[in-house]
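To keep things clear, I will list the structure first and then write my remarks on it.
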Protein chains: 2
Amino acid sequence: MINLDNNADSPLYMQIYEQIKQEIINGVLPEGSRLPSTRHLSQTLAVGRNTVENAYLQLSSEGYVTSRVGSGFIVQNLNGLTYLTNEDKCNKPIKSSRPESKPSIVYPHNFQFGLLSAQNFPLNIWRKISSRALSSLTAEDLTTYCDKKGELELRYNLSEYLLKSRGVSCSANQIILCAGLEYALSLLCQLLRNKTTQIALEEPGYIGARNIFTNNGFQLLPVHIENDGLKISELENASAKVVYVTPSHQFPNGIVTSIQKRLLLLDWAKRNDGLIIEDDYDSELRYNSRPIPSIISIAGNENVVYIGTFSKALSPSLRVSYMVLPQKLLDLYHKEFGMYQTPVSLLEQRVIQELISSGYWENHLRKTCVAYKKKHDLLIHLISETMGRIVKIHGKNAGLHILLESSQGLTEREMIERAKEHGVLVHPVSTFWLNPENYSNNMVLLGFGNLSETDIVEGIKKLAQAWKA
Amino acid sequence: MINLDNNADSPLYMQIYEQIKQEIINGVLPEGSRLPSTRHLSQTLAVGRNTVENAYLQLSSEGYVTSRVGSGFIVQNLNGLTYLTNEDKCNKPIKSSRPESKPSIVYPHNFQFGLLSAQNFPLNIWRKISSRALSSLTAEDLTTYCDKKGELELRYNLSEYLLKSRGVSCSANQIILCAGLEYALSLLCQLLRNKTTQIALEEPGYIGARNIFTNNGFQLLPVHIENDGLKISELENASAKVVYVTPSHQFPNGIVTSIQKRLLLLDWAKRNDGLIIEDDYDSELRYNSRPIPSIISIAGNENVVYIGTFSKALSPSLRVSYMVLPQKLLDLYHKEFGMYQTPVSLLEQRVIQELISSGYWENHLRKTCVAYKKKHDLLIHLISETMGRIVKIHGKNAGLHILLESSQGLTEREMIERAKEHGVLVHPVSTFWLNPENYSNNMVLLGFGNLSETDIVEGIKKLAQAWKA
DNA sequence: GGGTATTTGTCCGTATGTATG
DNA sequence: TCATACATACGGACAAATACC
């Protein structure tokens with residue numbers, strides 16, 4: 001940026017000349033780059049055109065730049081011309097160097113969690129719909145703020161989809177579009193601040209959610225998990241008014257909260273004027289079990305916030321999720337947060353809307369489900385066949401990962417290290433515990449969303465070698 | 001959603017039959033719609049296909065649906081067939097009605113703030129770049145999480161742009177991509193929570209920012225404005241450690257904070273271990289004045305957070321903004337917020353990146369600036385010509401709006417009401433005061449971004465009539 | 001791929017303040 | 001005091017080069 005001072009001793013054109021010269025010497029303006037045209041620079045600096053021209057001519061006569069009619073002033077090669085003075089060096093701005101790709105060690109087999117399979121992504125359909133959405137956007141659409149909670153049509157389609165597939169009966173009005181779980185939960189924290197700053201959550205549970213609550217100044221109250229969901233007795237004893245749960249597939253155990261537990265949970269909420277945050281992140285990916293009604297579908301318009309996302313079943317880089325608010329919170333939202341603009345770009349909104357209303361979405365879900373089920377079953381089959389003696393499988397119901405517990409007394413760390421030595425990356429489970437000291441510490445997590453079937457076969461083969469007694 | 005219970009008295013196929021019947025009667029499945037295929041439904045319900053077929057045959061034999069090989073089961077016309085029982089009515093889900101467009105009163109001339117001109121949006125270029133970005137995205141890109149702070153290339157390009165145009169010397173590493181101002185400020189609130197929960201801000205000032213701070217539990221400390229920026233003496237007396245300012249065009253007055261004030265502000269921050277949040281929302285739109293170096297460019301890597309956006313100069317519905325963090329906050333961010341995913345979709349990131357790196361962005365800025373300057377000058381000219389006696393113009397330096405003060409002693413309310421009677425919408429200024437009782441209450445705000453030149457001519461003509469003595 | 005609109009450096013005249021004689 | 005020269009700053013006209021259909 002060029003900075004001019006009318007009251008300085010040196011004339012304007014000299015100030016311009018000096019500062020551009022510095023930038024050339026410093027490399028901010030590299031060889032071959034074009035100076036801004038005299039007209040443009042004169043406009044941004046609010047000076048006459050000839051003032052800029054004068055500065056440029058000076059630069060030109062000293063050989064820093066050359067000019068050509070129609071194409072501008074070009075910075076020249078400075079071989080032999082530059083000899084940085086000390087003063088010059090001090091003035092040199094820190095130009096951030098061009099970033100390089102990180103040289104992280106690549107393991108041949110990485111059972112990473114959270115990634116999806118590129119093979120299953122409906123690239124062509126997505127491109128088609130996106131490009132249709134692209135041409136549907138007019139200049140008017142793009143120069144005005146769209147509906148603050150997200151486009152009405154999209155929220156209406158979402159409400160229809162939720163009713164059909166998850167039994168959630170809500171109006172479009174209750175739906176708020178969000179940019180990922182972080183956004184949704186942060187917003188919720190802001191909404192709840194005056195009610196409480198304590199939150200009960202599953203132990204173990206999703207560390208991402210835990211971070212968000214902590215960062216928003218909430219106190220965490222861990223509640224243990226049993227084989228059909230949250231230990232309600234612990235919840236009763238905790239002083240929380242809000243609880244965050246992942247009932248469709250408890251993270252990381254994959255436990256499906258039973259319908260009885262769901263009713264008990266709801267009962268707790270009704271009795272205590274409590275709020276259940278139902279994160280249904282994974283619900284679309286069911287392989288064996290029947291769908292259990294979502295908690296919000298039993299509760300009606302009270303006591304439950306429902307959160308869904310497109311990150312798991314479609315694409316994590318779209319950054320679209322949504323929240324269904326109960327009436328009380330919705331009123332509060334309208335009152336205090338009515339001015340918040342949606343964080344989702346209009347283009348993405350149109351794409352998602354078209355995906356749902358055209359039926360591609362449900363179609364895609366079915367296909368994806370089948371594909372992941374195949375991988376899931378293969379994984380389970382291979383493990384029980386080659387490692388049935390040395391590990392126990394947990395979380396068979398989870399969507400895109402499973403847990404393995406060592407039957408040989410290996411610790412988490414040992415399992416991970418041994419796997420690494422064989423070129424396989426498996427991941428810790430202890431991080432999901434708020435108080436890891438209560439944890440047996442002998443499990444690892446294997447995500448399989450991103451692996452091909454041959455990858456799975458190879459990976460498991462190596463794991464079996466790594467862990468064999 | 002269909003909900004099955006193995007322990008129930010009725011067999012599975014009956015449960016399916018009953019529930020689909022209900023959905024048909026309730027209208028959730030309207031006439032003409034297709035039932036899911038037996039294969040699909042059996043898969044999602046985890047029952048055998050014959051079970052579903054049995055249920056469908058029952059429905060078919062009772063006339064609710066008809067079937068055709070190859071095309072599925074279609075819901076029939078229910079004339080004379082439906083007689084809702086009381087029980088049925090109770091079970092009827094609240095189906096959200098299709099939303100209609102809001103029937104708000106449309107004023108012929110709306111000087112609304114925050115909107116841009118559709119004529120100035122580079123629709124073709126944007127479409128071209130978007131569709132290019134679309135085809136650049138691979139299935140791999142879309143099935144993995146991208147860089148958490150935003151793609152590195154984009155942040156690098158942003159850092160280069162900031163250096164050139166605003167003198168901000170920062171590394172790509174310091175930049176965090178955000179989805180609008182709300183997201184950026186909310187994140188900042190979370191970052192600052194353990195340092196302070198008090199924030200000083202301009203009085204009057206941008207109400208949007210104020211709301212966000214309040215919603216995040218921050219206490220607001222208003223600091224008055226004088227003709228070259230914040231009253232530093234008031235700031236000194238306030239107990240705040242953090243201050244939010246809009247120095248390039250103070251909102252709503254359009255006051256440009258002088259370089260002296262900027263240095264004083266920075267001095268305050270250095271002495272008090274304070275933090276300046278510099279919201280540069282409008283800086284690209286300068287019409288007459290010379291650019292003044294941004295505060296962060298004077299401060300270096302300490303005491304200042306810089307916030308920029310693409311909402312004002314490009315499009316508010318793209319939802320892309322960014323933050324430059326000083327080293328201390330950056331370290332904290334990496335530690336506590338490292339897991340947060342960026343809220344901006346990969347597609348939008350690619351579009352913005354291409355826009356900047358191809359040079360279209362700076363090109364567009366120049367054009368936009370010229371176009372808005374034309375409108376701005378026209379507006380000022382018309383007002384001083386037709387209403388020079390009855391109003392005083394403030395905020396000539398603001399980007400997309402001006403303020404008018406009544407010289408006849410009209411109150412804000414009177415000015416707005418009289419304008420409405422002539423079909424013109426102008427907007428209150430009092431809302432931007434935290435304590436409106438200290439405010440003279442005789443100004444209105446006119447946004448002109450969205451108006452054509454003929455709109456402006458007509459609107460001002462009517463305003464002159466409305467307010468004439 | 002060829003014609004047109006826009007962008008660009010270049011050249012021109014003009015105005016103002018200041019130093020010189 | 002006046003005339004002159006010079007440095008600085010500003011805006012318009014023109015032809016070459018480039019960008020856009």
Side-chain angles (χ1 to χ4, degrees), chain A residues 1-24 29-77 131 134-135 137-139 142, chain B residues 117-133 135 161 164-165 284 286-292 313-314 351 354-378 380-381 453:
Chain A
M1 200 189 88
I2 291 171
N3 188 18
L4 296 184
D5 181 359
N6 261 337
N7 303 322
D9 285 337
S10 61
L12 289 178
Y13 83 98
M14 262 304 193
Q15 297 181 39
I16 298 173
Y17 157 77
E18 280 291 346
Q19 293 183 48
I20 293 182
K21 190 176 83 174
Q22 284 306 326
E23 294 196 334
I24 294 175
L29 289 169
E31 181 194 335
S33 65
R34 242 195 76 211
L35 299 187
S37 78
T38 53
R39 283 159 234 268
H40 288 154
L41 190 60
S42 72
Q43 190 200 323
T44 50
L45 295 180
V47 297
R49 228 174 54 235
N50 275 17
T51 311
V52 176
E53 203 180 312
N54 236 323
Y56 280 20
L57 286 179
Q58 186 73 25
L59 287 167
S60 181
S61 71
E62 295 183 11
Y64 289 100
V65 298
T66 53
S67 64
R68 247 181 53 223
V69 174
S71 57
F73 287 82
I74 309 292
V75 176
Q76 287 300 98
N77 187 318
S131 99
L134 198 57
S135 22
L137 288 176
T138 66
L142 289 158
Chain B
S117 158
Q119 280 78 43
N120 294 334
F121 186 82
L123 191 61
N124 287 330
I125 287 170
W126 181 76
R127 280 195 179 149
K128 199 171 75 184
I129 288 186
S130 294
S131 92
R132 205 186 299 159
S135 26
Y161 163 71
K164 258 194 215 160
S165 76
E284 287 98 350
R286 260 177 312 95
Y287 302 136
N288 306 302
S289 57
R290 292 215 179 112
I292 296 185
L314 184 60
V351 172
E354 183 65 22
L355 215 57
I356 297 179
S357 65
S358 67
Y360 277 127
W361 172 238
E362 287 180 83
N363 204 8
H364 166 71
L365 279 182
R366 270 192 300 269
K367 280 188 200 158
T368 318
C369 210
V370 172
Y372 286 129
K373 179 179 165 55
K374 220 168 145 190
K375 287 189 192 178
H376 179 263
D377 292 350
L378 174 68
I380 302 262
H381 173 75
E453 300 194 12

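All values derive from a computational prediction rather than experimental measurement. Below, all heavy atoms of this structure are taken into account, side chains as well, without hydrogens, waters or symmetry copies. Sequence lines set the chain letters: A, B, ... in the order given, protein chains first and strands last, and positions in each chain run from 1.
Side-chain atoms of A:Thr51 never come within 3.5 Å of backbone atoms of A:Val47 as a donor-acceptor pair (strictly under, hydrogens ignored). Distance alone, capped at 3.5 Å, is enough to place a donor-acceptor pair between the B:Arg127 side chain and the A:Leu137 backbone. Put simply, the side chain of A:Gln15 gets close to the backbone of A:Asp5: a donor and an acceptor are under 3.5 Å apart. B:His364 places a side-chain N or O within donor-acceptor distance of the main-chain N or O of B:Ala313, the cut-off being under 3.5 Å. When atom types are taken as modelled, the side chain of B:Tyr372 and the backbone of B:Ser117 share a donor-acceptor pair closer than 3.5 angstrom.
The interatomic distance linking A:Asn54 (CG) with D:dG11 (C1') rounds to 14 Å, in whole Å. The separation between A:Leu59 atom CG and C:dT10 atom P is 13 Å, rounded to whole Å. Here the C1' atom of nucleotide D:dA19 and the CG atom of B:Asn124 are 14 Å apart, to the nearest Å. Going from atom CG of A:Leu4 over to atom P of D:dC10 covers 10 Å, rounded to whole Å. Remark: P of C:dT7 and CD of A:Glu53 are 18 Å apart, rounded to the nearest angstrom. Rounded to whole Å, atom C1' of C:dG9 lies 9 Å from atom CZ of A:Arg49. Rounded to whole angstrom, the span from the CG atom of A:Leu35 across to the P atom of C:dT10 amounts to 12 Å. With rounding to whole Å, B:Lys367 atom NZ is found 10 Å from D:dC20 atom C1'.
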Pairing pattern in dot-bracket form [Watson-Crick, G-U; both distances under 3.5 Å; | = partner strand] for DNA chain D: .||||||||||||||||||||
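A:Thr38 has a side-chain polar atom (N or O) that falls below the 4.0 Å cut-off from OP1 or OP2 of C:dG9. Side-chain nitrogen and oxygen atoms of A:Ser37 include at least one within less than 4.0 Å of the OP1 or OP2 phosphate oxygen of C:dT8. At C:dT8, one or more side-chain N or O atoms of A:His40 fall inside 4.0 Å of OP1 or OP2 (strictly under the cut-off). Residue A:Thr51 places at least one side-chain N or O under 4.0 Å from the OP1 or OP2 atom of D:dC10. The shortest distance between the side-chain N/O atoms of A:Ser67 and the OP1/OP2 oxygens of C:dT10 is below 4.0 Å.
Toward the 5′ end of DNA chain C lies the nearest nucleotide of B:Asn363, the other residue of the pair A:Asn50 and B:Asn363 mapping further downstream. With DNA chain D read from its 5' end, the first of the two nearest nucleotides for B:Tyr360 and A:Val69 is the one closest to A:Val69.
Residue A:Gly48 is classed as a sugar-phosphate contact, given heavy-atom separations below 4.0 Å to backbone atoms only. Among the heavy atoms of the strands lying under 4.0 Å from A:Arg68 are primed sugar atoms or P, OP1, OP2 only; no base atom is included. Using a 4.0 Å heavy-atom distance criterion, A:Phe73 is classed as a sugar-phosphate-only contact. Contacts of A:Arg34 with the nucleic acid, taken as non-hydrogen atoms under 4.0 Å apart, involve only primed sugar atoms and P, OP1 or OP2.
A salt bridge between B:Arg132 and B:Glu354 is present, with a side-chain N of the basic residue lying under 4.0 Å from a carboxylate O of the acidic one.
In this structure, the side-chain contact (heavy atoms from CB on, under 4.5 Å) partners of A:Leu35, at least two apart in sequence or on a different chain, are A:Ile20, A:Leu29, A:Tyr56, A:Leu59, A:Val65, A:Phe73, A:Val75.
Atom CD of A:Gln43 sits about 12.0 Å away from atom CZ of A:Arg49, to the nearest 0.5 Å.
For A:Val47, taking side-chain heavy atoms from C-beta onward, the closest of the listed nucleotides D:dC10, C:dT10, D:dT18 is D:dC10.
Residue A:Arg39 places no side-chain atom within donor-acceptor reach of the base of C:dT6, judged by atom type and a 3.5 Å distance cut-off alone.
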